[in-house]
Amino acid sequence: MDRIGPLAARLRAELGPDRVISDRQELRTYECDGLTHYRVVPALAVLPRDHTELARTVRACADAGVPFVARGSGTGLSGGALPHADGVLVVTSRMRAIVEVAPDDERAVVEPGVINVQVSRAAAPFGYYYAPDPSSQQICSIGGNVAENSGGAHCLKYGFTTNHVTGATVVTPDGEVVRLGGRAPDTPGYDLLGAFVGSEGTLGIATEVTVRLVRAPETIRTLLAAFHTTDQAGAATSAIIAAGVVPAAVEMMDALAIEAAEAAVNCGYPPGAGAVLIVELDGPAAEVRAQFAQVTALCEENDAFELRIAADDAERALFWKGRKSAFAAVGRISPDYIVQDGVIPRTALPQVLRRIGEVSAEHGVRVANVFHAGDGNLHPLVLFDDAVPGEAERAEQVSGAILDLCIEHGGSITGEHGVGVDKARYMPRMFTADDLDTMQLVRCAFDPDGLSNPGKVFPTPRLCGEVPGRRKGTHPAQEAGLAEIF
Amino acid sequence: MTALDELTEPAKDDDAVAGVPARLVAAPTSTAQASAVLRAAADAGLAVAFRGGGTKLDWGAPPRRLDLIVDTRGLTGVVEHAAGDLIAVVRAGTPMAEVREHLGPAGQQLALDTSEAGATVGGTVAVSASGPRRQLYGTARDLVIGMTVVRADGTVAHSGGKVVKNVAGYDLAKLFTGAYGTLGLITRCAFRLHPRPGAEAVVRAAPPDLGAALAAIRAAQVVPSAVEVDGETGEVAVLVEGTPAGVRDRAATLVRILGDDAGRPHWWGTYPWEPGGTGLKLTAALSRVPALVVRAAALARVRGSAGTGVLYAGLPPDTAPDEAADAVAELRAAAGDAGGHAVVLTAPAEVRAGVDMWGPVDGLALMRRVKQQFDPDARLAPGRFVGGI
Ligand SMILES: Cc1cc2nc3c(=O)[nH]c(=O)nc-3n(C[C@H](O)[C@H](O)[C@H](O)COP(=O)(O)OP(=O)(O)OC[C@H]3O[C@@H](n4cnc5c(N)ncnc54)[C@H](O)[C@@H]3O)c2cc1C
Ligand SMILES: Cc1cc2nc3c(=O)[nH]c(=O)nc-3n(C[C@H](O)[C@H](O)[C@H](O)COP(=O)(O)OP(=O)(O)OC[C@H]3O[C@@H](n4cnc5c(N)ncnc54)[C@H](O)[C@@H]3O)c2cc1C
């Protein structure tokens with residue numbers, strides 16, 4: 001049965017013909033997100049201009065029983081915005097209005113397609129900014145950030161998207177419009193907003209988002225420290241944290257990542273470094289002065305062989321340029337690469353980095369490490385050449401082995417890029433069937449028909465009609481002799 | 001012997017929740033045991049409420065029915081404190097004070113303010129209590145990075161983990177934080193910790209114009225850990241924490257803005273109601289805090305966190321029920337005008353009878369669906385939460 005034809009007709013009639021794309025050639029623009037090896041052409045794409053149009057789009061999909069997938073800027077790295085072949089792609093790129101900047105409330109209200117950095121630009125004249133800063137902040141959308149609970153270099157001190165979103169208007173998968181949270185804190189009731197943030201588009205689409213604005217710091221000081229080994233840089237990181245300093249950011253790059261960054265953007269990092277740390281402190285001047293001296297001393301104690309302190313904004317930008325361009329830069333030293341995203345407890349850094357080195361050597365696959373050292377969020381870049389037979393598979397193996405390492409150390413399979421289609425199969429390695437089943441209860445409450453971004457995050461979705469409660473087989477407590485069924 | 005015979009005791013006279021007596025009490029000492037208790041309770045169709053230290057058991061509406069209290073005070077202990085990772089995993093029944101003592105020697109803290117003796121980690125998270133320092137550190141919702149819960153049917157589930165940065169799967173801990181025990185039993189939490197600052201200072205004064213003073217504090221580069229206000233004394237008190245040099249500098253700035261009186265006021269971090277009184281939580285958009293304080297102070301004792309928009313209001317125990325109902329209605333209107341909400345946290349039975357404790361809530365239909373999924377037979381503290389959930 002063709003459901004798309006009548007749905008397209010309804011949407012054209014309700015929203016106007018220019019909002020709806022059904023031409024297959026045009027639809028190809030949207031066949032993937034930032035994870036380009038998954039590609040699916042959607043049956044239809046809709047580009048609403050405002051939140052009423054977006055809500056009508058979802059309602060029409062619900063009425064027709066057609067799955068839909070939200071797409072912001074399509075920079076996601078886990079295939080979260082991968083379209084559904086028989087579904088509608090709802091693109092928010094025309095919804096880019098900054099509805100309000102309210103510095104006295106320390107809030108901004110924006111449409112979901114607004115680009116992350118635009119929020120900070122709009123708040124800057126008032127002395128405020130929007131803290132979560134994914135490396136993709138020049139291009140990614142707030143809606144995508146909310147869906148992925150995106151993080152960035154400054155999350156160590158300031159938290160993630162979830163800590164900075166106080167309200168959202170959401171179209172639930174049945175087409176209802178619900179306000180979650182708001183401008184004031186602690187809205188009574190369940191924290192549905194907290195559950196929505198990071199749900200990767202599986203609980204509905206955000207049509208408007210209220211974010212927290214943070215006072216721009218009085219002072220920022222940035223240090224670049226070069227070490228001979230990643231172990232030394234890791235030890236310096238631990239020493240800084242152990243001293244009770246919470247820097248705005250602690251970022252690490254290893255030799256291969258530095259090589260790539262130098263090749264691409266000529267950032268002029270100290271030659272011969274086996275690892276560099278970028279440590280940034282921000283806050284009140286006297287506070288930063290005191291802590292900066294402490295951090296510098298700790299880097300020296302941990303064998304930094306060169307320390308550079310950014311004299312001005314231009315120099316700070318140069319330090320960051322190498323780091324921020326590292327992903328793209330890897331293209332200069334390898335035809336293909338996988339960006340991995342795993343998390344480990346910070347104290348396990350030296351051990352895990354060494355293991356990554358060993359695994360990489362065993363498989364003959366190079367791995368460049370660029371990461372958020374402060375919170376243990378690794379971004380190993382697994383380099384390969386697709387033209388060499390077998391290399392892609394080996395890279396895939398190394399990439400998976402790294403995730404296993406993360407789980408082994410009590411970490412996570414993703415710190416910021418999300419599960420999407422890419423890591424759904426890893427979820428059972430980190431969570432039990434009961435854990436996943438419990439998460440599905442949330443899905444069933446929001447989306448009983450499974451229309452919102454189906455096939456993402458969970459390897460095997462639950463049937464929401466299932467009678468809950470009755471477990472098959474013996475209960476673990478019975479097995480443990482703790483209880484019996486009566 | 002059935003599991004219930006084995007795991008529960010008959011209730012005593014004071015085993016009640018918000019005045020509703022229970023028949024049975026269970027005190028599991030492990031998550032597995034808690035799971036067995038809840039599973040047995042499910043099979044027997046019992047209505048269940050959870051109890052930590054019992055300091056806030058009268059918060060929220062009374063349960064519509066109650067058979068079994070699951071007491072968490074056997075579920076105690078800091079399971080893990082990874083000082084180098086600034087995280088701790090703690091069992092739910094652990095008193096907040098014990099957590100403080102445990103982390104203190106490492107120079108670290110779980111940055112949630114609780115003052116009442118006996119308050120447990122689970123209870124604090126379950127009501128999402130927050131004190132003055134939420135301004136800098138956030139609330140339980142921001143500090144919980146992983147959680148183990150037991151569902152109504154006894155299923156044990158984990159979410160999050162013990163790393164700060166983690167986006168794998170839904171953030172169930174957020175849903176359980178502030179759910180008043182209506183979705184399941186929290187048995188352990190993993191928390192993000194903070195270093196204990198080397199120095200702190202409180203600067204306070206009663207400014208002639210509250211709004212101007214708050215705006216000046218916001219505009220200054222003092223990065224306060226708390227900005228508290230008290231309606232009765234008209235005082236504003238600001239806490240700054242950090243390095244000795246940094247604190248000295250910022251305290252000096254605050255003295256220039258506010259005046260010269262320093263030190264923590266007697267009302268700091270306490271609720272403005274007496275035992276047996278009516279206590280409310282009021283929220284507001286930041287810019288409207290001054291107006292709300294003025295309006296609320298005419299009706300009740302009011303104080304709280306001006307820096308985040310969370311205030312508390314109290315009516316004396318001898319307030320007549322209809323007077324209390326009027327005051328609640330007016331406070332609710334005032335909070336609504338300020339872009340926030342007014343929730344009655346606690347009140348004497350006669351007052352409860354005449355007020356809607358939670359008030360109107362957005363997204364209620366969706367919340368009911370969540371409750372229905374987690375507790376389809378409505379056995380967990382039925383009626384306690386918003387909209388009679
Ligand atoms: C070079 C590069 C660097 C990156 N660096 C970082 C980084 O440092 N930190 C980080 O966290 N991420 C990073 N990313 C990943 C990506 O930028 C983020 O995940 C970002 O939040 C995605 O935003 P987007 O608008 O592109 O979303 P999309 O890719 O369009 O969508 C992402 C997910 O969000 C859903 N979604 C989109 N809009 C909505 C909405 N309005 N409501 C509900 N769901 C919605 C989609 O269905 C999908 O599941 C990087 C990506 C690149 C290419
Ligand atoms: C300004 C301010 C001042 C404060 N001052 C104090 C103070 O002086 N004293 C004080 O104690 N607190 C204070 N608090 C907050 C207070 O700490 C919490 O309310 C308290 O910690 C509740 O803990 P409890 O163990 O006594 O919970 P209980 O009273 O036992 O339970 C509270 C609620 O949580 C549920 N619950 C309990 N445990 C669990 C669990 N494991 N899983 C699921 N649900 C559960 C219960 O069913 C009940 O609904 C203050 C907060 C603020 C903002």
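Order of the sequence lines sets the chain letters (A, B, ...), proteins ahead of strands, with each chain counted from 1. What you see is a predicted model, and the numbers here were worked out from it, not measured in a lab.
Chain B forms more heavy-atom pairs under 4.5 Å with one residue of A:Leu193, A:Ile413, A:Val170, A:Thr347 than with any other, namely A:Thr347. Taking A:Ile241, A:Leu156, A:Leu192, A:Val457 one by one and counting their heavy-atom pairs under 4.5 Å with chain B, the maximum is reached by A:Leu192. Per-residue heavy-atom pair counts under 4.5 Å with chain A were compared for B:His158, B:Lys162, B:Arg248, and the maximum is reached by B:His158. Heavy-atom pairs under 4.5 Å with chain B were tallied for A:Gly182, A:Ala102, A:Pro217, A:Ser238; the largest tally goes to A:Pro217. Between chain A and the options B:Ala284, B:Gly161, B:Gly359, heavy-atom pairs under 4.5 Å are most frequent for B:Ala284. Heavy-atom pairs under 4.5 Å with chain A were tallied for B:Val149, B:Val343, B:Leu183; the largest tally goes to B:Leu183. By number of non-hydrogen pairs under 4.5 angstrom with chain A, the leading residue of B:Gly340, B:Ala42, B:Gly309 is B:Gly309. Annotation: maximal heavy-atom pairing with chain B below 4.5 Å, among A:Gly127, A:Gly376, A:Gly415, occurs at A:Gly415. Most heavy-atom pairs under 4.5 Å with chain B: of the set A:Asn149, A:Val178, A:Asn377, this distinction falls to A:Asn377. Highest contact tally toward chain B, considering only A:Thr202, A:Thr166, A:Val197, is held by A:Thr202 [criterion: heavy-atom pairs under 4.5 Å]. When each of B:Arg134, B:Gln108, B:Arg288 is scored by its heavy-atom pairs under 4.5 Å with chain A, the top score falls to B:Arg134. Note: B:Val164 leads B:Val164, B:Leu214, B:Leu364 in heavy-atom pairs under 4.5 Å with chain A.
Between B:Phe385 and A:Tyr190, the angle of the ring planes lies from 30° to 60°, which puts this pair in the tilted group.
Looking at heavy atoms from C-beta onward, A:Thr162 lies in side-chain contact with B:Arg141 at the 4.5 angstrom threshold. The shortest side-chain heavy-atom distance between B:Gln373 and A:Val442 does not fall under the 4.5 Å cut-off. Taking 4.5 Å as the limit, every side-chain heavy atom of A:Thr187 sits out of range of all side-chain heavy atoms of B:Asp362.
With a threshold of 4.5 angstrom between heavy atoms, B:Arg192 approaches chain A through side-chain atoms but not through N, CA, C or O. Residue A:Arg443 touches chain B through both its backbone and its side chain, counting heavy-atom pairs closer than 4.5 Å. At a 4.5 Å heavy-atom cutoff, A:Leu436 makes no contact with chain B through either its backbone or its side chain. Heavy atoms of A:Tyr426 lying under 4.5 Å from chain B are absent altogether. Interface remark: A:Gln294 contributes no atoms to any contact with chain B (heavy atom separation under 4.5 Å). Contacts between B:Leu172 and chain A at a heavy-atom distance below 4.5 Å involve the side chain alone, from C-beta outward. Using a 4.5 Å cut-off between heavy atoms, A:His417 touches chain B through its backbone atoms (N, CA, C, O) alone. Contact of A:Thr172 with chain B is made through the side chain alone, with heavy-atom distances under 4.5 Å. Only the side chain of A:Ala290 comes within less than 4.5 Å of a heavy atom in chain B; its backbone stays farther off. Within the 4.5 angstrom heavy-atom criterion, atoms from both the backbone and the side chain of B:Arg218 approach chain A. Heavy-atom distances place the side chain of B:His341, and not its backbone, under 4.5 Å from chain A. Within the 4.5 angstrom heavy-atom criterion, atoms from both the backbone and the side chain of A:Phe446 approach chain B. Residue contact with chain B, scored on non-hydrogen atoms closer than 4.5 Å, involves the side chain of A:Met427 exclusively. At a 4.5 Å heavy-atom cutoff, the contact between B:Ala220 and chain A is made by backbone atoms alone.
Once rounded to the nearest 0.5 Å, the distance linking NZ of B:Lys165 with CG of A:Leu378 reads 10.5 Å. With values rounded to the nearest 0.5 angstrom, A:Glu416 atom CD is found 11.5 Å from B:Asn166 atom CG. For the atom pair CZ of A:Arg183 and OG1 of B:Thr283, the computed distance is 13.5 Å after rounding to the nearest 0.5 Å.
Classification of B:Asp249 and A:Arg289 as a salt-bridged pair fails, no side-chain N sitting under 4.0 Å from a carboxylate O.
Listed by chain and number, the residues in a side-chain hydrogen bond (donor to acceptor under 3.5 Å, both in side chains) with A:Arg179 are A:Thr169 (sequence neighbours excluded).
For the pair B:Asp85 (side chain) and A:Arg346 (backbone), a donor-acceptor distance under 3.5 Å is present.
Taking every heavy atom of both residues into account, B:Ala285 and A:Asp105 meet most closely at CB-OD1, 3.7 Å. In terms of heavy-atom proximity, A:Thr438 sits nearest to B:Ala157 at OG1-CB, 3.2 Å. Annotation for B:Gly339 and A:Ala184: closest pair O-CB, 3.4 Å, computed over non-hydrogen atoms. Here the closest heavy-atom approach between residue A:Val419 and residue B:Val167 is recorded as CG2-O, 4.4 Å. Between A:Glu287 and B:Glu241, the closest heavy-atom pair is OE1-O, 4.5 Å. Across all non-hydrogen atoms, the minimal contact from A:Pro284 to B:Arg250 is CG-CD, 3.4 Å.
Aromatic pair B:Tyr170/A:Phe431: centroids not less than 6.0 angstrom apart.
Residue B:Arg151 forms a salt bridge (charged side-chain N to carboxylate O under 4.0 Å, His left out) with just one option from A:Asp434, A:Asp437, A:Asp435, and that option is A:Asp437.
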Item to check | side chain to side chain contact (heavy atoms under 4.5 Å, CB included) evaluation trace for A:Asn163 with B:Asp142 | outcome: CA-CA 6 Å; A:Asn163 308 113; B:Asp142 302 296; 2.8 Å; yes
